[in-house]
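A quick write-up on the structure given underneath.
Chain identifiers are assigned alphabetically (A, B, ...) following the order of the sequence lines, protein sequences preceding nucleic acid strands; residue numbering begins at 1 within each chain.
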Protein chains: 2
Amino acid sequence: MNIGDVAARSGVPPKTIRYYEDIGLVRPERSANGYRAFRETDVHKLTFLGRARALGFSIENCRALLALWEDDRRASAEVKRIASIHLEEIDRKIAELGEMRETLADLVDACAGDLRPDCPIIHSLTSGSAPRDA
Amino acid sequence: MNIGDVAARSGVPPKTIRYYEDIGLVRPERSANGYRAFRETDVHKLTFLGRARALGFSIENCRALLALWEDDRRASAEVKRIASIHLEEIDRKIAELGEMRETLADLVDACAGDLRPDCPIIHSLTSGSAPRDA
DNA sequence: CCTTGACCTTCCACCTGCTGGAACCCCTAC
DNA sequence: GTAGGGGTTCCAGCAGGTGGAAGGTCAAGG
């Protein structure tokens, strides 16, 4: 199977597949003409990678998950551990973005958005106070 | 004022300040010895930048906001426009992370996390089905 | 006067995770 | 034979810094 077919079937773009080979996530064979020759398992691997990436797992986590995926004698605890840590990280990011959102929404709300130069957003970025009062 | 003092007062690390000079966000003078010589306004600018970055504004948005900050005749509408667009982007990111979180939380929840190899997380990444039932 | 240590300078490499493009090869169809 | 749609390699670049090496500067202490 050529890279284009694999890309179509796994949903991972050819460029990305080549990159994944580069960093050792997949190791396709080579045909006589120099083309990468993928097996069914490679398609499965890449699909797996695509899903893991879509859940926000880092490449390094993907590498670990892939190893566990390939290991019949894995302990599900290890998978759960990786996923839990990642989940916490996502929660942290959501919290961080949520705080940004709150502050920013308040500022946008407080700004008249007209032709006058006076602007609570600029003011807040300058002096660091949120426009809670006023 | 030397870069260390400015860093301490603005909260922006020296390395980052140099980088900001590199990309033209600040333009400190130079002392006879070659050291960067910052004025009070540079401290204010960097503080402004630090706050804007903390709110997640991109460097290019920061550049635009800085220009508006320096323009006495700005229209607050322009500031609000930039902030609103950024706010929408944050909302999109939060939504995206929220979806990841949901899926991942379900998976983590469904995983026994013991010594057995059977794992809904791995299974979901393999076959694409969430463990809604079971 | 010399040294020590904390500054400062520049430049270059690295991080994450790809993506775009150039220059080239291969294979099939017409 | 030639046009097209594959494939290949390698190099550069995105954001937004960060780390480190090699070296210059300056104030204080011996």
Identify all side-chain donor-acceptor contacts of residues 112-120 of chain B below 3.5 Å with residues at least two apart in sequence or on another chain.
unit_1: B/Asp114; atom_1: OD1; unit_2: A/Ser76; atom_2: OG; d: 3.3
unit_1: B/Asp114; atom_1: OD1; unit_2: B/Arg116; atom_2: N; d: 2.9
unit_1: B/Asp114; atom_1: OD2; unit_2: B/Arg116; atom_2: NE; d: 2.8
unit_1: B/Asp114; atom_1: OD2; unit_2: B/Arg116; atom_2: NH2; d: 2.5

Please list, chain by chain and in numerical order, all residues satisfying side chain to side chain contact (heavy atoms under 4.5 Å, CB included) with A/Ala64, sequence neighbours excluded.
-> A/Ile82
Length of the line joining B/Ile59:CD1 and D/dT18:P, which is rounded to integer Å | 11 Å
Under-4.0 Å side-chain N/O to phosphate OP1/OP2 contact, A/Arg53 with C/dG17 | yes
Between B/His86 and B/Leu55, is there a donor-acceptor pair closer than 3.5 Å when you use the side chain of the first and the backbone of the second?
-> yes
Taking side chain to side chain contact (heavy atoms under 4.5 Å, CB included) as the test, write out the residues that go with B/Asp71, two or more places apart.
-> B/Arg73, B/Arg74
Show your working on side chain to side chain contact (heavy atoms under 4.5 Å, CB included) between B/Leu49 and B/Val12 and close with a plain yes or no.
-> CA-CA 8 Å; B/Leu49 286 169; B/Val12 180; 5.5 Å; no
Not counting sequence neighbours, list each pair that qualifies as a salt bridge (Lys or Arg N to Asp or Glu O under 4.0 Å) and has a residue in residues 52-65 of chain B.
-> B/Glu60-B/Arg63
Got a sec? Which of residues 82-96 of chain A come in under 4.0 Å of DNA chain D, heavy atoms?
-> none
Kindly write out the residues that satisfy side chain to side chain contact (heavy atoms under 4.5 Å, CB included) with B/Pro13, not counting sequence neighbours, or none if the list is empty.
-> B/Thr16
Check whether any side-chain N or O of A/Arg36 sits under 4.0 Å from OP1 or OP2 of C/dC26, and answer yes or no.
-> no
Rounded to 10 degrees, the angle between the two terminal axes of the helix from C/dC1-D/dG30 to C/dC30-D/dG1, each from five pairs | 40°
Round to a whole Å and report the spacing from CG of A/Asn2 to C1' of C/dC26.
-> 10 Å
Closest non-hydrogen atom pair, B/Phe38 against B/Asn2 = CD1-C, 4.1 Å
To the nearest angstrom, the CZ-C1' distance between B/Phe38 and C/dT9 comes to 12 Å
Residues 20-30 of chain B vs salt bridge (Lys or Arg N to Asp or Glu O under 4.0 Å), sequence neighbours excluded, gives B/Glu21-B/Arg30, B/Glu21-B/Arg36, B/Glu29-B/Arg39
Looking at residues at least two apart in the chain, or sitting in another chain, which of them share a side chain to side chain contact (heavy atoms under 4.5 Å, CB included) with A/Glu40?
-> A/Met1, A/Arg9, A/His44
Using a cut-off of strictly less than 4.0 Å between a heavy atom of the residue and any atom of DNA chain D, enumerate the qualifying residues of residues 19-31 of chain A by number.
-> A/Arg30
Between atom CD1 in B/Ile3 and atom P in D/dC26, what is the gap in whole Å?
-> 16 Å
A/Asp5 CG - D/dG5 C1' separation (whole Å) = 13 Å
Tabulate atom names and distances for all N/O pairs under 3.5 angstrom spanning the protein and nucleotides 21-25 of chain C.
unit_1: C/dG21; atom_1: O6; unit_2: A/Lys15; atom_2: NZ; d: 2.2

Note, A/Arg92 side chain near A/Glu96 side chain (heavy atom, < 4.5 Å) | no
Mind listing the closest non-hydrogen atom pair of A/Asp42 and A/Pro28 along with its distance?
-> OD2-CA, 4.2 Å
C/dT19 OP1/OP2 closer than 4.0 Å to side-chain N/O of A/Thr16 = yes
The residue among A/Val79, A/Leu66, A/Leu65 that forms side-chain contact (heavy atoms from CB on, under 4.5 Å) with B/Leu125 is A/Leu65
Separation of atom CD in A/Glu60 from atom P in C/dC18, rounded to whole Å | 12 Å
Contact nearer the 5' end of DNA chain D, comparing B/Pro13 with A/Ala37 = A/Ala37
Of all heavy-atom pairs between B/Val108 and A/Ser84, which one has the smallest distance, and what is that distance?
-> CG1-OG, 3.7 Å
Atom pairs under 3.5 Å: protein N/O with N/O of nucleotides 12-14 of chain D:
none

Report yes if the side chains of B/Leu25 and B/Tyr19 come closer than 4.5 Å at any heavy-atom pair, otherwise no.
-> no
Quick one: label A/Arg18 by what it contacts on the DNA or RNA (base, sugar-phosphate, nothing), any heavy atom closer than 4.0 Å.
-> base
A/Ile121 to B/Ala83 - nearest heavy-atom pair and separation | CD1-CB, 3.8 Å
